Every structure is written in C-alpha cells, then in structure tokens.
Protein chains: 2
Amino acid sequence: MLTIGKLGKAAGVKVPTIRYYEQIGLLPEAERSAGNQRLYGHKAQERLAFIRHARDLGFTLEAIRDLLSLSDRPDQSCAAADAIAKAQLAEVESRLARLTALKAELERMVVQCAGGSIADCPVIEVLSDHSLCATDHRHPESEVPS
Amino acid sequence: MLTIGKLGKAAGVKVPTIRYYEQIGLLPEAERSAGNQRLYGHKAQERLAFIRHARDLGFTLEAIRDLLSLSDRPDQSCAAADAIAKAQLAEVESRLARLTALKAELERMVVQCAGGSIADCPVIEVLSDHSLCATDHRHPESEVPS
DNA sequence: CTTGAAGCTATAGTTGCTAGAGACATTAGG
DNA sequence: CCTAATGTCTCTAGCAACTATAGCTTCAAG
Ligand SMILES: [Zn+2]
Ligand SMILES: [Zn+2]
Ligand SMILES: [Zn+2]
Ligand SMILES: [Zn+2]
C-alpha cells in the first residue's frame with residue numbers, strides 16, 4: 001500500500017491533483033489508514049497511470065471518465081472507445097492546423113521587423129490590422145458532436 | 001458613437017467580453033449616454049480590434065496589455081514588443097511540436113484497432129501503458145487549448 | 001521525545017471568458 | 001402615445017483542470 005505522496009511520485013502526478021481526481025469521482029475514494037491517511041493499492045496505481053497517460057495525450061477528464069468506465073467492461077465492443085480516440089485525433093488535427101497558420105503569421109511578423117521604433121514596427125502594425133496577414137488564422141468555433 | 005452591441009458586431013467580440021475587458025482594465029472605462037449605456041468612439045474600436053486580433057494570434061491578455069501600452073508610446077524602441085512576439089512564436093512552436101507527437105500516437109492507436117472487444121482494443125491498451133508508444137510525447141507543461 | 005516532513009480539510013485563485021437573474025433604456029410598430 | 005421587443009445595465013456564479021494557501025494532525029527519523 002502506498003501513501004498519496006509515493007503514489008504521486010510513482011505516477012508522475014502531484015498530490016493535490018490526486019485528491020482532486022478523487023473529489024470529482026475519477027478515482028474511487030481511497031482506503032484510509034488508522035490515522036486517516038489515504039492508502040493506495042495496485043489497482044489505484046494502474047488507474048492513475050491510465051489517467052495520466054490519457055491526459056498526456058490530450059484527452060479531457062470527461063473523455064477519460066468514459067474511457068475508464070469502458071475499460072471496466074472488457075467483453076463489450078470497443079466501438080465507443082475508438083470513437084472517443086478518433087474525436088480526440090480530430091481535435092488535435094484541427095488545433096494543429098490552426099497553430100500552423102499562427103506560426104506562419106508570427107514568423108512573418110518577427111522577420112519583418114528591422115528593430116526601429118514602435119511607430120514603424122511590423123509587429124504592432126500587423127496586430128492592428130488583420131488584412132496585413134497572409135492567412136486566415138481566426139479562431140473557428142469548434143464543436144464536437146456526440 | 002457606437003453602443004456596445006454595435007461595437008461588438010463591428011469587432012467580432014461578444015458584448016460580455018467587452019465588458020469583461022473593461023473590468024480588467026484592458027479597455028478604458030467607456031463614456032456613458034444619458035441613460036447610462038456605454039458609448040464607444042473610433043479609438044476604442046481600434047483598441048478592441050487590436051485585442052481581438054492579438055487573441056486570434058494566441059497572445060495572452062497579459063501580453064496584450066503590455067503590447068497595448070507599448071503601442072501607446074510610438075517613439076520608443078520596439079524591442080520589447082518584438083520580444084513578446086518572439087516569445088509567442090516560441091510558445092506556438094513548442095505546442096506544435098507536442099501536438100505533432102500526439103497526433104502520431106493517436107493515429108497509431110486508431111489505425112491498429114480492428115474493432116473487436118475492449119479487452120483486445122489497442123486504444124485501451126496503449127492508454128494503459130506508455131511503453132507501447134512510439135514517441136515520448138510526455139510534457140508536464142503547457143496543455144492549454146487555444 | 002522531538003522535530004520536520006508529509007498528510008488532512010477547506011477555501012480561494014488561476015485564464016478567458018460565458019450564462020443567468022432581474023431591472024432599466026431604447027426603438028419600431030400600430 | 002402606448003406597447004412590445006430588443007438592448008443594456010449590474011451582479012453573481014460557473015466552466016476546465018488544476019494550483020496555492022492556511023491551519024491543522026500524523027508519521028518517521030534521529
Ligand atoms: Zn519591431
Ligand atoms: Zn491576422
Ligand atoms: Zn478498438
Ligand atoms: Zn505514451
């Protein structure tokens with residue numbers, strides 16, 4: 001049995017984050033020692049590692065909640081899990097597209113600046129006027145159907 | 001003089017957002033009509049367009065605050081503004097790198113799944129065990145959706 | 001036995017908005 | 001001119017996903 005600190009170190013998750021996950025029901029309530037401290041076994045360790053890895057891959061806590069409850073029913077079809085992963089891939093691809101456009105505009109800005117005064121700085125100029133941009137980088141309203 | 005609604009439409013910013021910007025001091029307190037409604041002139045319109053564009057390029061409100069106060073002193077050197085833009089470019093590049101790795105892992109996951117049961121699903125398997133990943137996509141920093 | 005690290009609960013703060021309630025102002029139609 | 005429909009006002013609370021603080025208690029090492 002691990003204390004919360006050891007568990008956190010083992011999984012690469014900060015202690016308050018573990019307590020937060022318990023609070024929102026992503027982790028079950030931990031067993032307690034005689035002195036009321038949380039104790040974790042192997043199962044909790046695996047569950048936390050799963051959460052951590054999914055967070056690292058950009059899944060939201062809501063998606064992780066669904067993935068966890070799916071993984072608790074191993075004999076069912078994995079279609080729902082795959083759909084969540086595909087939605088996450090689509091989300092990542094759309095962010096990637098947007099960031100690529102942003103990078104291009106920011107590069108244009110900083111390259112054009114010759115280091116003069118603010119009045120002539122292309123950085124300030126471009127920020128004041130989107131029509132000076134080469135691409136349409138504006139924030140799209142993203143929606144994810146369920 | 002524009003009312004807050006017209007200004008919002010003109011700049012592509014929602015009304016509560018404009019009030020929020022005023023509240024945090026990013027926009028100056030607006031003039032008021034006889035009936036206590038906010039009224040905006042050309043200068044406010046430009047300032048809001050600047051903010052909107054910088055937000056679209058991913059700058060934080062803190063960075064925008066600095067950029068705005070720099071642009072109010074046109075005869076000074078633009079070095080500070082350029083530094084902010086360069087930092088933003090670096091931030092975007094680092095997010096881009098991370099998202100590229102994420103995309104690769106997510107693609108591997110969804111491609112490998114043949115559509116069986118959860119017990120054999122590569123999606124769940126990979127999420128349970130980072131050593132099945134091809135890249136080291138982990139990064140304790142900066143998972144901020146833009 | 002004492003000290004310092006680690007744990008506990010509870011609350012509030014972060015970023016950049018967005019949503020609601022309930023009241024007042026303005027505008028268009030009849 | 002009256003009314004109904006918007007628009008605007010202030011204020012408060014909520015969203016994700018934590019992080020930080022305060023003021024305790026418990027545990028492990030020396
Ligand atoms: Zn410059
Ligand atoms: Zn632009
Ligand atoms: Zn599958
Ligand atoms: Zn991995």
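The sequence lines fix the lettering, A, B, ..., with proteins before strands; numbering per chain opens at 1. Owing to the predicted nature of the structure, the values given are computational and were not obtained by experimental measurement.
Positionally, the nearest nucleotide of DNA chain C for Y40(A) lies more toward the 5' end than for the other of Q23(A) and Y40(A).
Computed from coordinates, the I24(B) CD1 to dG13(C) C1' distance equals 15 Å when rounded to whole Å. Between M1(A) atom CE and dG7(C) atom P there is a gap of 15 Å when expressed in whole angstrom units. Remark: C1' of dG16(C) and NZ of K14(B) are 12 Å apart, rounded to the nearest angstrom. Atom pair I18(A):CD1 and dA17(D):P shows a separation of 17 Å (rounding to whole Å applied). Atom pair Y20(B):OH and dT15(C):P shows a separation of 8 Å (rounding to whole Å applied). The interatomic distance linking L61(B) (CG) with dC17(C) (C1') rounds to 9 Å, in whole Å. Between the CD1 atom of I64(B) and the P atom of dT15(C) there is a distance of 13 Å, given to the nearest Å. A straight line from CG of L27(A) to P of dA17(D) spans 15 Å, rounded to a whole angstrom.
Taking 4.0 angstrom as the limit, R32(A) places none of its side-chain polar atoms (N or O) nearer than this to OP1 or OP2 of dT26(D). For dC9(D), the OP1/OP2 oxygens have a side-chain nitrogen or oxygen of R38(B) closer than 4.0 Å. Side-chain N/O atoms of T17(B) include one lying less than 4.0 angstrom from OP1 or OP2 on dT18(C). In this model, the phosphate group of dT15(C) is not approached by any side-chain N or O of T60(B) to a distance below 4.0 Å at OP1 or OP2. Distances shown here put every side-chain N or O of Y21(B) at or beyond 4.0 Å from the OP1 or OP2 atom of dG16(C).
A donor-acceptor pair is defined here as one N or O able to donate and one able to accept, closer than 3.5 Å; such a pair exists between the side chain of R52(B) and the backbone of G12(B). No side-chain donor-acceptor contact under 3.5 Å links Q88(B) to the backbone of L106(A). Without hydrogens or angle criteria, H137(A) side chain to E105(A) main chain gives no donor-acceptor distance under 3.5 Å. Checked by atom type and distance alone, the side chain of R47(B) never pairs as donor or acceptor with a backbone atom of P28(B) at under 3.5 Å. Between the R55(B) side chain and the F59(B) main chain, a donor and an acceptor come within less than 3.5 Å of each other.
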Protein-to-nucleotide contact annotation, 5' to 3' order, nucleotides 24-29 of chain C [B base; S sugar-phosphate only; - none; under 4.0 Å, heavy atom]: -SS---
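Within the nucleic acid shown, F59(B) has no heavy atom closer than 4.0 Å to any nucleic acid atom.
Side-chain contact between D82(A) and C121(B) is present, with heavy atoms from C-beta onward closer than 4.5 Å.
Of the candidates dT8(D), dG7(C), dC9(D), dG7(C) carries the atom nearest the I4(A) side chain, counting heavy atoms from C-beta on. Nearest to the side-chain atoms of R19(A) among the listed nucleotides dG7(C), dC18(D), dT18(C) stands dG7(C).
Smallest separation of non-hydrogen atoms from L2(B) and Q45(B): CD1-NE2, 3.4 Å.
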